[in-house]
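To find a chain, count down the sequence lines: A is the first, B the second, and so on, and within it residues start at 1. The figures here come from the full heavy-atom set of this structure, side chains too, leaving out hydrogens, waters and symmetry mates.
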Number of protein chains: 2
Amino acid sequence: MNNKNNKTNTIELDEKTRQFTSQCREAGLKVTPQRIAIYRELLKTDEHPSAEMLYEKVKKIFPSISLDTVNRTLLTLNEIGAAFTVVGSGDARRFDGGLHEHQHFRCVKCKRIIDFHHKPFDNIKLPAEISEKFTVLRKTVYLEGLCNLCG
Amino acid sequence: MNNKNNKTNTIELDEKTRQFTSQCREAGLKVTPQRIAIYRELLKTDEHPSAEMLYEKVKKIFPSISLDTVNRTLLTLNEIGAAFTVVGSGDARRFDGGLHEHQHFRCVKCKRIIDFHHKPFDNIKLPAEISEKFTVLRKTVYLEGLCNLCG
DNA sequence: TACTAAATAGTATTTACTCCTATTTGTCAA
DNA sequence: TTGACAAATAGGAGTAAATACTATTTAGTA
Ligand SMILES: [Mn+2]
Ligand SMILES: [Mn+2]
Ligand SMILES: [Zn+2]
Ligand SMILES: [Zn+2]
C-alpha cells in the first residue's frame with residue numbers, strides 16, 4: 001500500500017495511542033473517543049494537515065463530530081506536547097519593508113515581531129538533498145517564545 | 001522624537017521612495033499615490049504591521065482607501081521585492097504529530113509542507129543577546145520555495 | 001487632450017477560526 | 001454499580017482575515 005516515509009505504522013500507532021492515553025490522564029484530560037481518533041488520524045499522515053483536513057477524515061469515524069472539537073483538540077495536543085503547529089501557519093499576515101539581512105523573533109503571547117541580527121544565521125548552508133530537489137526561495141532561522149514584556 | 005532602531009528616517013525615506021518609484025516603472029506598474037503612501041507607511045515602522053494596521057494609518061492620508069487596495073498593494077510589493085511577508089504568518093494553521101527532530105520545507109505554490117532532516121539544523125546556537133532577553137520556546141530553520149512538483 | 005489598460009473603492013463572499021450553550025460523557029467516589 | 005459532576009462535545013452563531021467582483025477613476029501614452 002501507500003507506505004510513505006514518516007508515516008506511523010499500525011503497530012507503532014497502537015503503542016503511541018497507549019502512550020497518548022497515559023499522557024492525557026497525567027494531564028488530567030479525559031480520554032474521549034473523539035480525542036483518540038483525532039490523534040490517530042494526525043499520526044497516520046505526513047501531510048501536515050489543517051483542522052479542516054483532519055475533520056474530513058475523522059468524520060468517517062464520527063459522522064457527527066464538529067469542526068470546533070477538532071480545532072480544540074488540536075490545540076490541546078499542542079499544549080500537552082503530543083503534537084505541534086507547523087511554523088509559518090496561522091495568524092494574520094505581517095509585512096516587512098526592511099530589506100537588510102535580519103531575523104525575527106515572534107512573541108507567542110503579544111504577537112510582536114522583533115528584529116534581530118545574528119550574522120551566522122545569514123547564509124545557512126543547505127544539504128544537497130534539498131537544493132537539488134527544490135527551488136529554495138527563502139531560508140530563515142525563526143524564533144518563537146515570550147518577549148521581554150511578556151516573559 | 002520616537003527614534004527607534006530600524007525605522008527609516010525622513011531623508012532615507014524620500015530616497016527610498018524615489019527608488020521605489022523607479023522600481024514600479026521598471027516592473028510596468030503605475031505609480032499611484034495610494035501605492036506610494038502604503039509603501040512609505042510600511043517603511044516608517046519596525047512593528048511588522050498587518051494589512052489592517054497599515055490600512056488604519058493610510059486612511060489618515062486617503063480616508064476613502066479600501067482595505068482591499070492595501071492588501072493587493074502589499075502583495076504587489078512582495079512580488080517586486082520591495083517588501084516581504086514575515087515568515088510564520090498567513091495561511092491556515094497546519095499540524096504535525098511527528099515529534100522527532102526535523103525541519104520543514106513549504107511550497108509557496110501548492111502549500112505542501114515537506115519534512116526533511118539536516119542534523120546541523122537541530123541545535124542552533126543562539127546569541128546571548130537573544131537568550132538573555134527572551135524566553136525562546138522554539139527555534140527552527142524554515143525553508144520556502146517551489147517543490148519538485150511545482151518547480 | 002483623449003484613449004486605454006491598470007488600479008481603486010465599495011461591497012459581497014469565502015475561509016478559518018473562535019465563542020456560546022444545551023446536552024452528553026468520562027471519571028471518581030460512595 | 002451507581003450517581004454526581006466537571007469536562008468535553010455538537011451544533012450553531014459570531015468574528016477576523018483575505019479574496020473576489022464590478023463600476024468608476026486614473027496614470028501613462030501618444
Ligand atoms: Mn523585520
Ligand atoms: Mn513535519
Ligand atoms: Zn510579548
Ligand atoms: Zn508545490
Side-chain angles (χ1 to χ4, degrees), chain A residues 17 20-39 41 48-80 82 85-86 88-95 108 111 113, chain B residues 17 20-39 41 48-80 82-83 85-86 88-95 108-109 111 113:
Chain A
T17 303
F20 174 63
T21 299
S22 311
Q23 201 179 355
C24 282
R25 290 200 214 283
E26 278 160 33
L29 297 172
K30 292 183 179 175
V31 180
T32 65
Q34 291 92 335
R35 211 163 250 173
I36 298 290
I38 293 163
Y39 176 76
E41 286 304 323
H48 306 88
S50 63
E52 180 69 35
M53 287 153 99
L54 283 168
Y55 174 59
E56 292 305 327
K57 287 183 180 176
V58 179
K59 256 210 292 206
K60 287 172 188 159
I61 309 167
F62 294 98
S64 72
I65 199 165
S66 75
L67 178 57
D68 187 45
T69 295
V70 178
N71 263 305
R72 269 183 300 98
T73 301
L74 289 168
L75 293 181
T76 303
L77 296 191
N78 191 48
E79 273 162 27
I80 66 171
T85 63
V86 176
S89 59
D91 293 338
R93 202 154 36 201
R94 303 276 289 267
F95 296 89
V108 294
K111 311 287 182 190
I113 292 165
Chain B
T17 304
F20 174 64
T21 299
S22 310
Q23 202 179 356
C24 283
R25 292 200 213 281
E26 276 159 35
L29 297 172
K30 290 184 180 176
V31 179
T32 65
Q34 291 93 334
R35 209 163 251 173
I36 297 291
I38 293 163
Y39 176 76
E41 286 304 323
H48 305 90
S50 64
E52 180 69 34
M53 288 154 98
L54 283 168
Y55 174 59
E56 292 305 327
K57 288 182 179 177
V58 178
K59 255 210 292 208
K60 288 172 189 159
I61 309 167
F62 294 98
S64 72
I65 198 165
S66 76
L67 178 57
D68 186 46
T69 295
V70 178
N71 263 305
R72 269 183 300 99
T73 300
L74 289 167
L75 294 181
T76 304
L77 297 191
N78 192 48
E79 273 161 28
I80 66 172
T85 64
V86 176
S89 58
D91 292 339
R93 202 154 37 202
R94 303 278 288 267
F95 297 89
V108 295
K109 200 169 169 191
K111 312 286 182 191
I113 292 166

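Listed pair A:R25 / C:dG26 fails the phosphate criterion, with no side-chain N or O lying under 4.0 Å from OP1 or OP2.
Side-chain atoms of A:H48 never come within 3.5 Å of backbone atoms of B:F95 as a donor-acceptor pair (strictly under, hydrogens ignored).
In this structure, the side chain to side chain donor-acceptor pair (under 3.5 Å) partners of B:T17, at least two apart in sequence or on a different chain, are B:R40. In terms of the ring pair (Phe, Tyr, Trp, His ring centres under 6.0 Å) criterion, residue partners of A:Y39 (sequence neighbours excluded) are, by chain and number, A:F20. Remark: B:S66 pairs with B:T69 by the side chain to side chain donor-acceptor pair (under 3.5 Å) rule, at least two apart or across chains. Every residue meeting the salt bridge (Lys or Arg N to Asp or Glu O under 4.0 Å) condition with B:K111, not counting sequence neighbours, appears here in chain and number order: B:D91. The side chain to side chain donor-acceptor pair (under 3.5 Å) search around A:E41 returns A:K44, not counting sequence neighbours.
By the 4.5 Å heavy-atom criterion applied to side chains, A:N71 and A:L67 are counted as neighbours.
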Using residues 28-37 of chain B as the side-chain source, report each donor-acceptor pair under 3.5 Å to any protein atom, sequence neighbours left out, with the distance given to one decimal.
from, atom 1, to, atom 2, distance (Å)
B:T32, OG1, B:R35, N, 3.1
B:R35, NH1, B:K30, O, 2.8

Pairs under 3.5 angstrom only: tabulate donor-acceptor contacts from the side chains of residues 50-62 of chain A to other protein residues two or more places apart or in another chain.
from, atom 1, to, atom 2, distance (Å)
A:S50, OG, A:M53, N, 3.3
A:K57, NZ, A:E47, OE2, 2.9

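Of all nucleotides in DNA chain D, those with any atom nearer than 4.0 Å to a heavy atom of chain A start and finish, going 5' to 3', at D:dA6 to D:dT19.
Near DNA chain D, meaning a heavy atom under 4.0 Å from it, residues 26-38 of chain A has A:L29, A:K30, A:T32, A:Q34, A:R35 in order of number.
Axis angle, first five pairs versus last five pairs of the helix from C:dT1-D:dA30 to C:dA30-D:dT1: 40°, rounded to 10°.
Spacing between atom CD1 of B:I80 and atom C1' of C:dA7 amounts to 14 Å, rounded to whole angstrom units.
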Between protein and nucleotides 12-24 of chain C, map the contacts as a letter string: B base, S sugar-phosphate only, - none, heavy atoms under 4.0 Å, written 5' to 3'.
-> ----SSBBB----
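With respect to B:R93, the side-chain contact (heavy atoms from CB on, under 4.5 Å) criterion is satisfied by exactly one of A:V86, A:L74, A:T85, A:N78: A:T85.
The list of salt bridge (charged side-chain N to carboxylate O under 4.0 Å, His left out) pairs with a residue in residues 64-76 of chain B, not counting sequence neighbours, reads B:D68-B:R72.
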